[in-house]
Amino acid sequence: MAFGMQYAIRWGQLLFTVQFLLVEAFFRRIIFFFLQLLPQSWLRSFHQAEDLAADGNAEEIVRTRGYPFEEHFVDTADGFILGLHRIPEGKFPKVVPPRRSTSGPIQPDPHIEAMLKRRQSEPVRHGAPGGQPVPAPTGRPVVFIMHGFLQSSETWLSRENPEHGLPYILADNGYDVWLGNNRGNKYSHKHRHHKPTENKFWDWSLDELIAHDVPAMINYITKVTGAASITYIGFSQGSAQAFGAFSSYPDLAAKINLFIAMAPATKVNRLHHPMVDSFMRAKPELAYAMFGRQAVLASTMFWRKIFTRWQWVQLLDWCQNFLFGWNCTNFDPKEKPFLYGHIFSFSSVKAVVHWFQIMQSRRFQMYDDARHSMLPTRYKSVVPPRYHVGRITCPIAIFYGGNDNLPDFEALLEELRPVYLHKEKEYEHLCFMWAANAHERVFPKVLNLINSYSALHDKQKQNAVPADGI
C-alpha cells in the first residue's frame, strides 16, 4: 500500500514537471513568433546600454581589465576543436615569479607548511609516456583552471574587480594562467567533421570530457609552456573531469603537481525540489523526448535575451533556491547582473542525462547505455564501470562549502586522502568563484598551496629518478 502511494506521488510529480516544461516551450515559441514581427531597433532599446556593454567575450573581459590575453586551439582525438584562454602574465609583469608571499593578506599557512614537511621525504617520479624525459619549464609556473557544468571560461574571468578574481590574482603573482573550455560551449563549438546542427556533434557525455578533452588540453599546455608539471584547479564538474581523467590515466596525473578541487562533484545528492527530482530519476528517454539529443540550455539563452539584466538576476536567484535551496546571499548584489550574464554556456543533453544517472545510482560511473525500468529494484542487469578516484597519485586539495548540498563530500572523502582540506561554512556551490569575500577567505589559501607545491616540486625534481631508470 505504501509502495503504491509512493509510486503514485512520484508519477504525479513527474507529470506536473513535464506539463510545466511543455507550457514553457509553448509560450517561448509564441513569444519568439511575435518578436519576429517587431523592429530589431525596438528590441535593442528594451535593454539598457550598460547591459549590452557588459556582454563582452572572454578576450574583451580580460583586456578591458588591463591583462594580456591569448587564445589557443587544440584538437581532441575524436575531432573537436577546443578553445583555450591564456593570461601569460599579470598587469605589471614580474621578472622572477615569487614562491612565497610575505606581505598583504596572503601569508604562509602553518597547516600547509606542516604538510610540506611530511611530504618532503616522499619519492617523486618524473617522466613522460614511453620513458622520455619531460622538458624543463622555460618560463613561469603554470596553472590550469577548468570551469563547471554548463559553463565556459567566462565564469572565472567575470569579476568586475580583477583583484577579486582568481585568474587575475594568480597572473599578478607570477603565474602563467590557462583556462579551458569543454566541447560544445561557446568557445569549443567546432568539430572537424560534424556541425552543431547534427545529433552526432552532441553525442557525448562526461566520459568523452574525461577521455579526450582533459588530456588534450593538459598535453597541449605542457607542450607549449615546456612545463614539467602544472597545477590543475577544477570547479564542480571541472573537478569531476579531473577525478575521472587522473584516476584513469596515471601518465596524465604525473603531469600535475597539485590538483585543487573546488566544490568537487563526483557523487552528487538529489535535487532540492521533489518535482524536479522525479524528472531526474525518470528514464533517459523522457529527457531526450523533452529536450532532444543536441544542446541543452537553448531555452535558457532565449529567456536571457528577453529579460532585462535585473529580471534575469531575480529569475536565477529563484531557480537556485527552487532547485538546490541556495540563497545566493554571499555575492555582491551590485555585481550579480554582470556575473549572471556570463554564467551559462552550452552542453549536451546526454551530459545532463549522465549526471542524472550519477545522482540516481549514487556512483561516479560511466554513462549507462542500458535501459532500466522506472520501478525501483535491487537488481540490475548491467552495472556501468565507475571511476576509482582513490587511485589518483597526484596530491589533491579540497575546498568545499558548508551550505553546498549538491555534492556528496562525505562519500568523496571516504575514497580520498587529500593533502589539504578546507571547509568554508557559509559558502554555497558558486561561492568559490564569485563570493564577495572569496579573495580574502579562499584565494589566499589557494595561492599559498600553489606556491608551496610548485616550490616543493621544483626541489624534488632535481633529485628525482627518471621514469625509465627504475
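In what follows, residues are counted from 1 in the order of the sequence shown. Treat the numbers as computed from the prediction; the structure is a model and nothing was measured.
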Look up atom [atom1] in [X] and atom [atom2] in [Y], then write down how far apart they are to the nearest 0.5 Å.
X    : Y    : atom1 : atom2 : value
H439 : E163 : NE2   : CD    : 8.0 Å
S152 : N182 : OG    : CG    : 10.0 Å
E426 : D404 : CD    : CG    : 13.0 Å
L252 : I392 : CG    : CD1   : 10.5 Å
K336 : I343 : NZ    : CD1   : 10.5 Å

Taking NZ, NE, NH1 and NH2 as the nitrogens, is one of them in [X] or [Y] under 4.0 Å from a carboxylate oxygen of the other?
X    : Y    : answer
R183 : E208 : no
R86  : D176 : yes
K334 : E160 : no
E415 : K267 : yes

Looking just at side-chain N and O atoms, do [X] and [Y] make a donor-acceptor pair shorter than 3.5 Å?
X    : Y    : answer
S236 : H429 : yes
N199 : Q294 : yes
D317 : Y340 : yes
N181 : S188 : no
N257 : S229 : yes
T76  : D78  : yes
Y427 : N437 : yes
N448 : Y453 : no
S153 : H85  : yes

Parallel, tilted or perpendicular: rings of [Y] and [X] (30°, 60°):
X    : Y    : value
W178 : Y220 : perpendicular
F331 : W434 : perpendicular
Y420 : F399 : tilted
F246 : Y232 : perpendicular
W156 : F235 : perpendicular
H191 : F201 : perpendicular

E154 and K186: CA distance, side-chain angles, deciding distance, salt bridge (Lys or Arg N to Asp or Glu O under 4.0 Å) verdict:
CA-CA 10 Å; E154 288 181 11; K186 63 187 295 185; 2.8 Å; yes

K350 NZ/CZ over Y367 ring centroid, <6.0 Å and within 45° of normal:
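Yes, cation above the ring, under 6.0 Å and within 45°.
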
Are any of the side-chain heavy atoms of M217 and F144 separated by less than 4.5 Å?
yes

Do the two ring centres, one from Y168 and one from Y67, sit under 6.0 Å apart?
yes

